[in-house]
Amino acid sequence: MMQERVSAEEMHTIIQRYFDGRPDLGFSRAIAAHVLEPRSPFETESFPRPQRWFVLLLLIASASAAAFAYFNLWH
């Protein structure tokens with residue numbers, strides 16, 4: 001059975017509808033799953049906390065940016 005050709009615009013809308021119907025997929029969900037601790041199934045209203053390595057990385061990056069700004073811009 002031969003199917004008809006689909007243009008690029010039609011294929012784009014088909015794929016867009018597919019991914020819009022799948023809220024569990026996406027770049028932001030992948031980042032959140034990697035950075036945040038898994039949610040507890042018993043605490044449905046709690047917000048997932050960030051993992052310790054991510055908090056440490058943010059602290060080091062902000063301290064480095066503050067030191068760079070202090071010694072290069074204000075000193």
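Residues: numbered from 1 along the sequence shown.
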**Q** According to the side-chain hydrogen bond (donor to acceptor under 3.5 Å, both in side chains) rule, which pairs have a member within residues 49-60, sequence neighbours left out?
**A**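 For residues 49-60: Q51-W53.
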**Q** If hydrophobic residues (ILVMFWY) are linked whenever their side-chain heavy atoms come closer than 4.5 Å, directly or via other members, who joins I14 in its cluster?
**A**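 Taking Ile, Leu, Val, Met, Phe, Trp and Tyr as members, I14 shares its hydrophobic cluster with V6, M11, I15, Y18, F19, L25.
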**Q** When hydrophobic residues are tied together by side-chain contacts of less than 4.5 Å, even through go-betweens, does F47 share a cluster with V35?
**A**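 The answer is no; the residues belong to distinct hydrophobic clusters.
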**Q** Which heavy-atom pair separates E37 from P48 by the least distance, and what is that distance?
**A**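 So the minimum-distance heavy-atom pair works out to O-CB, 3.4 Å.
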**Q** Considering only Ile, Leu, Val, Met, Phe, Trp and Tyr, and joining two whenever side-chain heavy atoms are under 4.5 Å apart, list the other residues clustered with V55.
**A**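 Traced through the cluster, V55 reaches L59.
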**Q** R17: what forms a salt bridge (Lys or Arg N to Asp or Glu O under 4.0 Å) with it, not counting sequence neighbours?
**A**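 Once residues adjacent in sequence are excluded, R17 has no partner under the salt bridge (Lys or Arg N to Asp or Glu O under 4.0 Å) criterion.
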**Q** Test of understanding: with side-chain contact (heavy atoms from CB on, under 4.5 Å), list the residues that count as partners of E9, not counting sequence neighbours.
**A**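 Partners of E9 by the side-chain contact (heavy atoms from CB on, under 4.5 Å) criterion, ordered by chain and then number, come out as S7.
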**Q** What residues join L56 in its hydrophobic cluster, counting side-chain heavy atom gaps under 4.5 Å, either direct or through other members?
**A**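 Noted: L56 shares its cluster with I60.
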**Q** Among residues at least two apart in sequence or on other chains, which ones pass side-chain contact (heavy atoms from CB on, under 4.5 Å) with L58?
**A**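 For L58 the side-chain contact (heavy atoms from CB on, under 4.5 Å) partners, ignoring immediate neighbours, are F54.
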